[in-house]
Novice: 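The structure's right below; bear with me while I get my questions together.
Whatever order the structure lists ligands and atoms in, that order sets their numbers, starting from 1. Note that the structure is a prediction, hence the values are computed from the model and not measured.
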Amino acid sequence: MEWEWSYLCFSSIILLPVFILFFSQKKTTKCSYKLPPGPPGLPFFGNMFELGTEPYKRMAALKQKYGPVLWLKLGTSTNIMVVQTAQAAAELFKNHDTSFADRFIPDVNKTHNYYQGSLAIGRYGSFWRFQRRICTVEMFVHKKISDTVPVRRKCVDNMVKWIEKAANSAKKGSGIENRGSLDFFNAMKGIMEWSGTRGRAVKKGAEKGKDFLDVLLEFEGTGKDEPAKLSEHEIKVLIVEMFLAGSETTSSSVEWALTELLRHPQAMAEVKTEISKVIGLNKKFEESDIENLPYMQSVIKESLRLHPPLPFLIPRETIQDTKFMGYDIPKGTRVLVNTWAIGRDPECWDDPMSFKPERFLGSKIDVKGQHYELIPFGAGRRMCVGLPLGHRMMHFALGSLLHEFDWELPNGVSPKSINMDESMGATARKRDSLKVCGQVMLMLAPGPLEPPSILEPEGSKYELLKASKSFGFHLQRALEKYNIINSAFTIKLQNHTKSVKPTTQAPLD
Ligand code: HEM
């Protein structure tokens with residue numbers, strides 16, 4: 001009996017505050033705000049346990065019940081608003097972009113003061129505006145991107161050579177060991193070291209070969225709407241961020257696009273025919289070819305529709321209390337735009353779950369933030385600043401892979417059995433890295449044989465020989481090995497830092 005009483009007392013002490021909190025929360029919420037609808041959640045924990053490992057899918061499923069704007073709570077104090085339809089996204093970006101233009105800073109990014117100097121998670125304000133301007137003008141305008149064409153050419157050539165070499169050394173039917181991530185992280189370590197040491201070695205006045213890093217180091221501003229100088233920390237963070245923001249997004253998109261093509265042999269045949277007609281066999285794929293390849297552009301759009309690397313964009317935060325679609329959204333609310341759900345919404349797309357690149361042929365829809373049904377790069381003030389480079393690199397890398405090789409699935413894997421699961425890390429990338437088999441086409445010039453029709457311009461004098469053995473490897477290995485995406489940076493920084501002494505300083509302190 002005594003035991004039962006103490007048990008009851010103990011339970012009441014524990015449970016009473018929970019009930020008080022639960023009911024008081026509901027009451028305040030009802031009285032003060034009209035919040036968007038959402039699942040009720042648990043006391044203290046809110047909806048924390050309902051989201052699973054692929055929260056964008058779970059939230060997409062909740063659209064049926066709760067409509068275009070969803071409200072969630074994490075713990076007792078974190079409010080989350082999820083925008084689930086193209087119309088709601090249009091309303092947000094067209095009419096409330098400034099109110100939702102702040103970013104939320106995850107705790108992990110507070111260490112080493114990473115957020116101070118970050119463009120992607122920097123607070124909306126004059127320093128962010130200055131960073132956007134300097135990145136756009138010094139890196140992402142058409143001319144600057146075109147100036148670095150040879151650098152990307154070299155990296156793609158290296159990637160193709162690596163694949164050919166891998167093909168030659170592979171035993172028939174064997175895969176190639178996937179040490180890609182190791183190479184990638186070694187490269188990242190190097191980059192951090194370079195950006196850490198470079199500040200001490202700059203030679204002032206050396207205008208020739210001035211790159212983005214020089215621009216940052218030599219920057220002298222008014223000190224009013226822009227800083228007077230940039231600190232070493234701010235420069236390091238910005239440089240590292242460009243690598244991080246641009247690498248995985250782009251390489252993961254290329255992997256998804258090739259995966260979809262392997263699942264759809266008709267689309268694969270179509271895109272290869274287009275490339276061989278436009279470029280021919282005795283020429284390399286060039287960036288300037290992209291505009292003449294509407295089917296390949298449609299393949300990339302269709303792949304980004306189904307597999308946006310950032311399914312929630314980058315979370316935003318409300319700067320002030322905001323009235324949005326009839327709801328009262330408090331200051332400090334985290335805002336997620338579920339671009340994954342929007343890309344699969346039957347109200348926007350016919351047969352939304354099918355991969356059909358031809359839906360974009362003759363259509364005006366593009367990914368530049370004006371068509372809210374397709375916003376893999378976001379929209380509004382905080383949309384992807386690297387879009388011009390990322391867009392070009394995706395086409396260049398995929399086009400070169402398709403032009404140089406014939407791709408197949410390994411023995412025992414059929415188009416329908418490819419595992420399409422995603423894993424949510426920095427991006428929603430393919431969980432099982434794509435294992436592909438390629439066939440190298442060796443060109444022997446000139447020869448008597450007519451090449452196979454799908455590959456060749458009619459009347460070609462070239463003889464084609466397909467390597468008899470196929471080779472297999474993980475695509476990411478090739479993409480990451482040459483960090484082809486941000487190659488413009490890599491090579492320039494490499495050249496630049498040859499004379500710099502090694503440092504023992506920690507990269508991001
Ligand atoms: C397939 C390629 C890429 C995709 C799909 C992508 C996607 C995105 C998305 C969805 C956002 C957030 C937009 C928003 O909140 O509305 C973003 C922001 C950003 N991206 Fe990209 N990105 C790509 C490539 C790149 C590249 C190549 C770079 C730079 C080298 C880059 C740098 C950035 C930066 C710095 C931001 C933050 C912008 C800001 O907050 O003002 N991205 N990107």
Novice: Grab the two heavy atoms, one from Ser298 and one from Phe360, that are nearest each other, plus how far apart they are.
Specialist: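 Taking every non-hydrogen atom into account, OG-CB, 3.7 Å.
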
Novice: Could you tell me whether some N/O pair between Thr250 and ligand 1 is separated by less than 3.5 angstrom?
Specialist: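 By distance alone, the answer is no.
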
Novice: Give a yes or no on this: more than 12 heavy atoms of other residues, nucleotides or ligands lie within 6.0 Å of atom CD of Gln370.
Specialist: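 Counting neighbours around CD of Gln370, 12 or fewer heavy atoms of other residues, nucleotides or ligands fall under 6.0 Å, so no.
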
Novice: So is Phe93 in contact with ligand 1, going by heavy-atom distances below 4.0 Å?
Specialist: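 The answer is no: ligand 1 sits nowhere under 4.0 Å from a heavy atom of Phe93.
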
Novice: Do other residues, nucleotides or ligands put more than 12 heavy atoms under 6.0 Å from the CG atom of Asp350?
Specialist: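 Open: at most 12 neighbouring heavy atoms sit under 6.0 Å from CG of Asp350.
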
Novice: Does any N or O in the side chain of Thr322 come within less than 3.5 Å of the main-chain N or O of Phe324, such that one atom is a donor and the other an acceptor?
Specialist: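 Such a contact is absent between Thr322 side chain and Phe324 backbone.
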
Novice: By number and element, which atoms of ligand 1 are closer than 4.0 Å to a non-hydrogen atom of Pro309?
Specialist: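 Reading through ligand 1 atom by atom, the close ones are 5 (C).
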
Novice: Counting only heavy atoms, tell me which of Pro376, Gly369, Gly386 gets closest to atom 28 (C) of ligand 1.
Specialist: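 Looking at heavy atoms only, the winner is Gly386.
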
Novice: Once you restrict to heavy atoms under 4.0 Å, what part of Phe100 touches ligand 1? Side chain, backbone, both or neither.
Specialist: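 Under 4.0 Å from ligand 1, Phe100 contributes no heavy atoms.
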
Novice: Any nitrogen or oxygen of Glu241 lying under 3.5 Å from a nitrogen or oxygen in ligand 1? Just yes or no.
Specialist: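 It does not: no N or O of Glu241 is found under 3.5 Å from an N or O of ligand 1.
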
Novice: By the definition side-chain hydrogen bond (donor to acceptor under 3.5 Å, both in side chains), identify the one residue from His307, Gln297, Arg359 that meets it with Glu302.
Specialist: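 Testing Glu302 for a side-chain hydrogen bond (donor to acceptor under 3.5 Å, both in side chains) against His307, Gln297, Arg359 leaves exactly one candidate, Arg359.
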
Novice: List ligand 1 atoms under 4.0 Å from Met394, heavy atoms only on the residue side.
Specialist: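 Close to Met394: 1 (C).
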
Novice: How about Thr339 and Leu310: do any of their side-chain heavy atoms sit closer than 4.5 Å?
Specialist: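 Answer no - side chains too far apart.
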
Novice: Quick check on contacts: which atoms of ligand 1 are under 4.0 angstrom from a heavy atom of Gly378?
Specialist: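 Matching atoms, with element in brackets: 10 (C), 13 (C), 16 (O).
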
Novice: Is it the side chain (CB and beyond), the backbone, both or neither of Arg381 that lies under 4.0 Å from ligand 1, heavy atoms counted?
Specialist: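 Neither part.
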
Novice: Decide whether a cation-pi geometry holds between Arg344 and Trp349; the criteria are a distance under 6.0 Å from NZ or CZ to the six-membered ring centre and an angle within 45° of the ring axis.
Specialist: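 Relative to the ring axis of Trp349, which defines the angle, Arg344 lies outside at least one limit.
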
Novice: Answer yes or no for Trp128: is there a heavy-atom contact with ligand 1 below 4.0 Å?
Specialist: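 The answer is yes: ligand 1 sits under 4.0 Å from a heavy atom of Trp128.
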
Novice: Check each atom of ligand 1 against the heavy atoms of Ala379 and keep those under 4.0 Å away; list them by number with element.
Specialist: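 Matching atoms, with element in brackets: 16 (O).
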
Novice: Distance under 4.0 Å to a non-hydrogen atom of Ser253: what atoms of ligand 1 satisfy this?
Specialist: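 Going through ligand 1 atom by atom, the ones under 4.0 Å from Ser253 are 1 (C).
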
Novice: Taking His371 for its side chain and Val367 for its backbone only, find out whether a donor-acceptor pair lies under 3.5 Å.
Specialist: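 No, His371 side chain to Val367 backbone: no donor-acceptor pair under 3.5 Å.
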
Novice: With a heavy-atom distance limit of 4.0 Å, tell me whether Met139 approaches ligand 1 through its side chain, its backbone, both, or neither.
Specialist: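 For Met139, there is no contact with ligand 1 at all, from either part.
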
Novice: Can you tell me if CG on Asn95 sees more than 12 non-hydrogen neighbours from other groups inside 6.0 Å?
Specialist: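 Enclosed: over 12 neighbouring heavy atoms sit under 6.0 Å from CG of Asn95.
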
Novice: Using a 4.0 Å cut-off to any heavy atom of Leu313, which atoms of ligand 1 qualify?
Specialist: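 What qualifies from ligand 1 is 10 (C), 16 (O).
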
Novice: Arg132 heavy atoms, cut-off 4.0 Å: which ligand 1 atoms fall inside?
Specialist: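 Selected atoms, number and element: 38 (C), 39 (C), 41 (O).
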
Novice: A quick test of your reading: do over 12 heavy atoms of other residues, nucleotides or ligands sit less than 6.0 Å from NZ of Lys368?
Specialist: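 Incorrect, the count does not exceed 12.
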
Novice: Minimum distance, heavy atoms only, to atom 37 (C) of ligand 1: which one of Pro308, Gly380, Ala120 is it?
Specialist: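 Ranked by closest heavy atom to atom 37 (C) of ligand 1, first place is Ala120.
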
Novice: Any side-chain donor paired with an acceptor under 3.5 Å for Ser99 and Gln320?
Specialist: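 Gln320 and Ser99 do have a side-chain donor-acceptor pair below 3.5 Å.
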
Novice: Within a distance under 4.0 Å of any heavy atom of Leu310, pick out the atoms of ligand 1 and give their elements.
Specialist: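 By the 4.0 Å cutoff, the relevant atoms are 7 (C), 8 (C), 9 (C), 10 (C).
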
Novice: For ligand 1, indicate whether the residue Arg316 contacts it via side chain, backbone, both or neither (heavy-atom separation under 4.0 Å).
Specialist: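 Side chain only.
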
Novice: Would you kindly specify which portion of Cys384 sits under 4.0 Å from ligand 1, judged on non-hydrogen atoms: side chain, backbone, both or neither?
Specialist: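 For Cys384, the contact with ligand 1 is made by both the backbone and the side chain.
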
Novice: Could you pull out, from Ala245, Gly390, Ser247, the option with a heavy atom nearest to atom 32 (C) of ligand 1?
Specialist: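 Of the listed residues, Ala245 has the closest heavy atom.
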
Novice: Walk me through whether Phe100 and Tyr124 qualify under ring-ring contact (aromatic ring centres under 6.0 Å, His included).
Specialist: CA-CA 9 Å; Phe100 294 114; Tyr124 180 69; over 10 Å; no

Novice: Counting N and O atoms only, with roles assigned by atom type, does the side chain of Gln84 sit under 3.5 Å from a partner on the main chain of Val69, one being a donor and the other an acceptor?
Specialist: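 No, Gln84 side chain to Val69 backbone: no donor-acceptor pair under 3.5 Å.
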
Novice: Heavy-atom contacts under 4.0 Å between Arg103 and ligand 1: side chain, backbone, both, or neither?
Specialist: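 For Arg103, the contact with ligand 1 is made by the side chain alone.
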
